[in-house]
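Every chain is numbered from 1 and lettered A, B, ... according to where its sequence line falls, protein lines coming before strand lines. Side-chain atoms are counted along with the backbone in the values below, which use heavy atoms only and exclude waters and symmetry mates.
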Protein chains: 2
Amino acid sequence: MKPTIQLVAKKAGVSMSTVSRVMNNHPAVLPETRSKVLSVMKELDYIPNQLARGLSSNGFNNILIIFTRSSTQAADNPYFGNIIGSIGMVAEQNDYDLILHSNDNEDNEIEKAVSMINSKLIKGIVLLSSRTNSKFLEVLAGTGIPIVVIGKYNPSIHSECIVSVDTDNYQDSYEIGDYLLQMGHTHIGCIHAPLNHYVAVDRVQGLKDCLKTRHIAFDEDCFVDGGDTVDTAYMAALNLLCSNRQLTAIFATDDIKALGIYKAARNMNLRIPEDISVFGHNDFDFSSLLTPPLTTIRVPIHELGMISASKLFSMIQSDKKETSQMLPTKIQFRGSVANLKHQ
Amino acid sequence: MKPTIQLVAKKAGVSMSTVSRVMNNHPAVLPETRSKVLSVMKELDYIPNQLARGLSSNGFNNILIIFTRSSTQAADNPYFGNIIGSIGMVAEQNDYDLILHSNDNEDNEIEKAVSMINSKLIKGIVLLSSRTNSKFLEVLAGTGIPIVVIGKYNPSIHSECIVSVDTDNYQDSYEIGDYLLQMGHTHIGCIHAPLNHYVAVDRVQGLKDCLKTRHIAFDEDCFVDGGDTVDTAYMAALNLLCSNRQLTAIFATDDIKALGIYKAARNMNLRIPEDISVFGHNDFDFSSLLTPPLTTIRVPIHELGMISASKLFSMIQSDKKETSQMLPTKIQFRGSVANLKHQ
DNA sequence: TCAAGTTATGGAAACGCTTCCACGAAAGAA
DNA sequence: TTCTTTCGTGGAAGCGTTTCCATAACTTGA
């Protein structure tokens, strides 16, 4: 049988209370008692039971990370590992563990999360990208648990315990639109992630609004869903390029999709940027090493993760009010967008 | 106060035992009693406490995933997300949760893992890549918890509860060596991951042994540690290429390192493959879309994750003996290796 | 010298469930 | 009819901690 606090107490000739005090570094323990207890613990190879401790005190130091398997933030996107890694670093410093959930089945996930909160299994949540028309935050807000959303979330939710860390996707896309126009592109397409996440919606809408404001007509058919993988984006790009010969530029809401476009262009013998320009988003490791190097927007993924985690722990540990934060991005002008005005 | 089983029992006019039976779908409960209890539960918004359940029965259904932050399997490598995602899928199907730990501080991690096992917090472990001279498995084997190692581990450990899923890194590298020789390369360098993981050691050793067997002299200085990021690999490649003008090919033990080599080549105005050939390993999304497309080895990362998880659950759930498994890889011949014999 | 603090410790209730054992009632077997 | 079984249920002892309260032995300070 595994040794318990009771056995330790007996062997050390003290009460369970005293053993507990020793484990928790309570000051009111005589040094000799403490060392006696400690030596018995060592001798018996005693390991405290976390479940029992959790049950009788304040639960576990875990934070729950929720992602959508089928999304641009999905596990096979470099974004995912980066951000999990960053959150994990901060968590480790705070001696917290990470629990990973996908919310592909939302109702199920809400129930699970509520149960974990109720059981004091988790102290905070990081939501990697919120779905549009998701009830998740609405429900979870009621529990009062600190939540950090990476990205935008339903603006009608106002809760002290929910905070977002984000980049300005809408504005960035708007500026990309202006840049493309400035380079002389007027027939612009877009390959985007499925529009059930705010991030994708904003990246698309920013570009559309820019074009509208500048009175550039565009065809809704040139804005197509490119799924979440290189292959789906490739198929989408192939379709788009075949059916729209006048297109001179495509905005990919994610460098993974840009990869799909590069692949399609190569297979159609289209040169980038001479025949078709490409603008990406995120700036992954490989982006600058494509041929031509991909013009894209650098998103500070690592910072996104670190700052989210920091805010979360600050909320957990001190009940301090935290505020949402917008991180700056930077356009990386490289070689995948042609300047049509100089031709 | 949160409703407990006791309150439910009182309101429903039954004993706690009966409520518990209802929750656990025990057959010996009269249908009318069951529905009475269920309706009270609903009415009170009762949520079972997982901690209490865990304490008095058989713990939690969690599996622990351990990775090394500073390694080729680190979070910012596409490998990481892929494999976590794959394991997660299988875990979800089995209604298990994932807990994520890094083992950068090994002693600390051993202690944590042992404590979790002791507290019945986890039922199995997936170790993403084992360190050479690590005590982790040695210690954990003693606990009898099922463990799957992705990659090779200390061959002196023999335990019923440890199983590995891997690709044959040594053999693959050996074959890469032969292929390069066949293409007329005799001055071959290597940029590898730090040699504290079996995977890196094997990938390097396979090539070295090939060269030795074929009586091709090589300079140890041409085998250099390229760290774990594109940047560190880039620096390593720069150094290597500057100081070894006769090198005609470099083997990168990871496509991320190949990226570093591409970058170095570009900055030194070296053409791939005309001036320097590159052979990678893993075959990531971007690898086939580089210019030239990277010749590399396709590692079935997704399968690695799925199969590992399946084996783990089979061990957990049925005490069935599982066996280690070697997954097949496939060389992707693309454009980054020149055939010197045809020049 | 004695009341009023301290201090180190023990006892036992709580945390919220599960589960073993017991028991009465109903049902089947002899 | 009587003796076993089976079934639905309740009682209460765990599971392994923490923590509140009590207590006894020492200080202090006037």
Side-chain angles (χ1 to χ4, degrees), chain A residues 1-41 44-62 114-123, chain B residues 1-41 44-62 114-123:
Chain A
M1 278 293 81
K2 285 177 206 154
T4 69
I5 208 179
Q6 192 172 322
L7 185 59
V8 174
K10 201 155 96 187
K11 287 247 180 190
V14 298
S15 72
M16 284 164 51
S17 326
T18 301
V19 177
S20 175
R21 284 187 194 102
V22 170
M23 293 202 316
N24 295 290
N25 285 315
H26 191 99
V29 178
L30 230 45
E32 57 222 63
T33 313
R34 155 166 283 120
S35 64
K36 173 68 186 160
V37 170
L38 287 175
S39 78
V40 173
M41 281 180 171
L44 292 179
D45 234 343
Y46 168 74
I47 303 173
N49 184 311
Q50 297 187 42
L51 271 171
R53 298 185 91 167
L55 181 59
S56 63
S57 61
N58 44 21
F60 279 88
N61 287 348
N62 288 150
V114 168
S115 168
M116 292 180 108
I117 296 167
N118 182 75
S119 304
K120 299 199 278 190
L121 234 47
I122 53 173
K123 294 238 194 307
Chain B
M1 277 298 79
K2 283 177 208 153
T4 69
I5 208 178
Q6 193 173 324
L7 186 59
V8 174
K10 201 155 98 187
K11 288 247 179 191
V14 299
S15 72
M16 284 164 52
S17 326
T18 301
V19 178
S20 174
R21 285 190 193 99
V22 171
M23 293 202 314
N24 295 291
N25 286 314
H26 192 99
V29 179
L30 231 45
E32 56 222 67
T33 314
R34 155 166 283 118
S35 64
K36 173 66 185 161
V37 170
L38 285 174
S39 78
V40 172
M41 281 181 171
L44 293 179
D45 232 345
Y46 169 73
I47 304 173
N49 185 313
Q50 298 187 41
L51 271 172
R53 297 185 92 169
L55 182 59
S56 61
S57 60
N58 45 19
F60 280 88
N61 286 347
N62 289 149
V114 168
S115 169
M116 292 180 108
I117 296 167
N118 182 75
S119 304
K120 299 199 278 193
L121 235 46
I122 54 173
K123 294 238 197 304

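Between the CG atom of L30(A) and the P atom of dG10(C) there is a distance of 11 Å, rounded to whole Å. Spacing between atom NZ of K10(A) and atom P of dT9(C) amounts to 20 Å, rounded to whole angstrom units. Between the CD atom of Q6(B) and the C1' atom of dT18(C) there is a distance of 14 Å, given to the nearest Å. As a whole-Å value, the separation of Q50(A) CD from dG16(D) C1' is 13 Å. Rounded to whole angstrom, the span from the CE atom of M16(A) across to the P atom of dC20(D) amounts to 15 Å. One can place CE of M116(A) at 18 Å from C1' of dG16(C), the figure rounded to the nearest angstrom.
Judged by distance alone, with hydrogens and angles left aside, the side-chain atoms of S39(B) form a donor-acceptor pair with the main-chain N or O of K36(B) at under 3.5 Å. Using modelled atom types, no side-chain atom of T18(B) and backbone atom of V14(B) make a donor-acceptor pair closer than 3.5 Å. With K120(A) contributing its side chain and S57(A) its backbone, the two residues share a donor-acceptor pair below 3.5 Å.
Between L121(A) and F60(B) there is a side-chain heavy-atom pair separated by less than 4.5 Å. Put simply, the side chain of N25(B) reaches to within 4.5 Å of the side chain of R34(B), judged on heavy atoms.
Contact check, S57(A) against dT17(D): no side-chain N or O comes under 4.0 Å of OP1 or OP2. For the pair S20(A) and dT18(D), the criterion of a side-chain N or O lying under 4.0 Å from OP1 or OP2 is met. N49(B) has no side-chain polar atom (N or O) that falls below the 4.0 Å cut-off from OP1 or OP2 of dC15(C). Between S17(B) and dT19(C), a side-chain N or O to OP1/OP2 separation shorter than 4.0 Å is absent. Neither OP1 nor OP2 of dG16(D) sits under 4.0 Å from any side-chain N or O of T4(A).
Residue R21(A) places its side chain closer to dT9(C) than to any other of dG8(D), dT18(C), dT9(C). Checking dT17(D), dG11(C), dG10(D) against every side-chain atom of S15(B), the shortest atom distance belongs to dG10(D).
Counting atom types as modelled, S56(A) pairs no side-chain N or O with a base atom of dT18(D) as donor and acceptor under 3.5 Å. Between the side chain of R34(B) and the base of dG8(D), no donor-acceptor pair of N or O atoms lies under 3.5 Å.
If you check every strand for non-hydrogen atoms under 4.0 Å, I47(A) touches sugar and phosphate atoms only. Contacts of L55(B) with the nucleic acid, taken as non-hydrogen atoms under 4.0 Å apart, include base atoms. Counting any heavy atom pair closer than 4.0 Å across all strands shown, G13(B) reaches sugar-phosphate atoms only and no base atom. Across all strands shown, I5(A) has heavy atoms under 4.0 Å from base atoms, whether or not it also approaches the sugar-phosphate. Across all strands, T33(A) comes closer than 4.0 Å only to sugar-phosphate atoms, never to a base (heavy-atom distances).
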